[in-house]
Amino acid sequence: MWIAVAVLAAIVVGAMVWWFRRDPVGRVAGDTGNTFEADMDLGIPAEAEPAFMEGLRAYPLRVGGRRGVLTTYEPPRLISLHLLADAFAARRDAALHDPQGTVVALIAHLGAVERPGVLHLREDWLEGEVDGMDRAAFAEAAREAVSGECPWSADPAIGALQVTVRETNTMMLDLARVLELYREAREERPEATAGELLREVMPRLIATGGPGLTWTKPPTQEDLRIVLGGTPEPA
């Protein structure tokens with residue numbers, strides 16, 4: 001049985017490699033490729049970084065290089081570029097000889113299981129509204145409940161929220177699970193405002209580290225202090 005599963009996994013990865021090597025004209029209309037920035041510090045050997053960027057630029061889904069996050073849509077995932085870069089560098093010569101195939105295979109492998117640096121999302125996370133908020137309004141309200149003036153972005157279509165701390169680390173949140181916590185809090189406090197509930201839910205989620213939350217790199221005490229607006233408890 002294990003052999004059959006391994007063979008099936010190899011077939012899936014091989015199919016992905018073939019698909020992403022097709023002519024770019026096969027992309028969905030309006031797709032503009034990725035936005036990976038070459039000056040990002042990935043912390044990998046200098047000889048591996050150009051090949052890694054080559055593989056990323058060939059990947060036809062959006063890559064947020066500035067915030068260190070790769071976003072995929074089929075299926076919806078947020079993947080730390082630092083995690084991906086480390087895995088790429090570990091492949092050594094194989095990665096240098098086939099950067100595009102290596103990137104595709106690693107995205108399939110790393111994205112298959114939720115782990116530190118990988119967040120699984122859901123497109124159907126909110127149908128209609130909750131307390132008068134649609135997807136975009138809920139995403140903005142959740143971000144406002146996080147302390148600080150950190151750069152942030154949201155993708156309401158897949159329930160993704162990203163908050164970048166000190167330009168070196170990005171906190172990634174699954175709004176579907178934030179919404180679940182919000183609804184639980186609403187049942188306990190029906191009279192509270194949306195802002196009050198989110199100011200309870202968000203710090204608790206951040207302090208506990210998820211599920212539904214991860215970072216592009218392990219957060220420092222200073223990272224946590226910034227997003228929590230105070231001094232976090234020692235880990």
Side-chain angles (χ1 to χ4, degrees), residues 6 9-28 31-121 151-153 155 158 160-173 213-220 223:
I11 292 173
V12 171
V13 171
M16 290 183 67
V17 171
W18 172 84
W19 174 261
F20 290 124
R21 281 175 168 167
R22 295 170 66 232
D23 191 305
V25 298
R27 296 178 182 175
V28 176
D31 178 27
T32 58
N34 66 53
T35 58
F36 183 73
E37 297 187 354
D39 59 354
M40 182 182 175
D41 181 11
L42 296 168
I44 60 175
E47 64 272 17
E49 191 164 327
F52 180 61
M53 290 188 292
E54 177 186 340
L56 281 174
R57 291 192 184 101
Y59 195 84
L61 299 179
R62 187 169 66 188
V63 178
R66 179 173 296 173
R67 291 189 171 89
V69 179
L70 180 145
T71 304
T72 70
Y73 292 90
E74 295 180 359
R77 302 280 189 266
L78 297 183
I79 301 175
S80 164
L81 279 175
H82 296 279
L83 176 68
L84 184 60
D86 287 344
F88 184 92
R91 296 288 181 96
R92 304 173 70 92
D93 289 346
L96 299 180
H97 290 137
D98 184 12
Q100 184 177 352
T102 300
V103 165
V104 171
L106 287 173
I107 289 173
H109 171 69
L110 294 174
V113 178
E114 192 165 87
R115 67 187 81 203
V118 178
L119 200 61
H120 289 191
L121 306 169
W152 67 284
S153 66
D155 191 336
I158 57 174
L161 176 63
Q162 302 174 33
V163 180
T164 300
V165 181
R166 298 188 298 164
E167 298 184 358
T168 60
N169 203 359
T170 296
M171 180 175 65
M172 302 177 281
L173 293 131
L213 176 148
T214 191
W215 296 74
T216 53
K217 297 186 292 186
T220 65
D223 292 336

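Residues Leu213 and Met172 have side chains not in contact (no heavy-atom distance under 4.5 Å, counting atoms from C-beta outward).
Residues Ala51 and Pro99 share a closest heavy-atom pair of O-CB, 3.1 Å. Closest non-hydrogen pair, Val118 versus Gly111, comes out as CG1-CA, 4.1 Å. Scanning both residues, Ala48 and Phe88, for their nearest heavy atoms gives O-CE2, 3.7 Å. When all heavy atoms of Leu83 and Arg115 are compared, the pair lying nearest together is CD2-CD, 4.3 Å. Nearest heavy-atom pair, Arg91 versus Thr102, reported as atom, atom and distance to 0.1 Å: CG-CG2, 4.0 Å.
Looking at Thr164, its side chain never comes within 3.5 Å of a backbone N or O of Glu167 through a donor-acceptor pair. Although no hydrogens or angles enter the test, the distance criterion places no donor-acceptor pair under 3.5 Å between the side chain of His109 and the main chain of Ala105. The backbone N or O of Trp152 sits less than 3.5 Å from a side-chain atom of Arg67, completing a donor-acceptor pair.
Surrounding CZ of Arg166 are more than 12 heavy atoms belonging to other residues, nucleotides or ligands, all under 6.0 Å away.
Atom CD of residue Gln162 and atom CE of residue Met171 lie 10.5 Å apart, to the nearest 0.5 angstrom. Here the straight-line distance linking atom CG of Leu121 with atom CD of Glu114 works out to 8.0 Å at 0.5 Å rounding. Expressed to the nearest 0.5 Å, how far CZ of Arg57 lies from CE of Met53 amounts to 5.0 Å. To the nearest 0.5 Å, the span separating CG on Asp86 from CG on Leu106 amounts to 11.0 Å. Atom OG1 in Thr214 sits 11.0 Å away from atom NE2 in His120 (nearest 0.5 Å). Distance check, rounded to the nearest 0.5 Å: CD1 of Ile79 to OG1 of Thr71 gives 9.0 Å.
Applying side chain to side chain contact (heavy atoms under 4.5 Å, CB included) to Lys217 and the options Thr170, Asp223, Asn169 leaves one that passes, Asn169. Put simply, the residue from Leu70, Thr216, Val69, Ile44 that forms a side chain to side chain contact (heavy atoms under 4.5 Å, CB included) with Leu84 is Leu70.
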Legend entry - Criterion side-chain contact (heavy atoms from CB on, under 4.5 Å) on Tyr73 and Asp155, from CA distance to verdict: CA-CA 11 Å; Tyr73 292 90; Asp155 191 336; 2.7 Å; yes
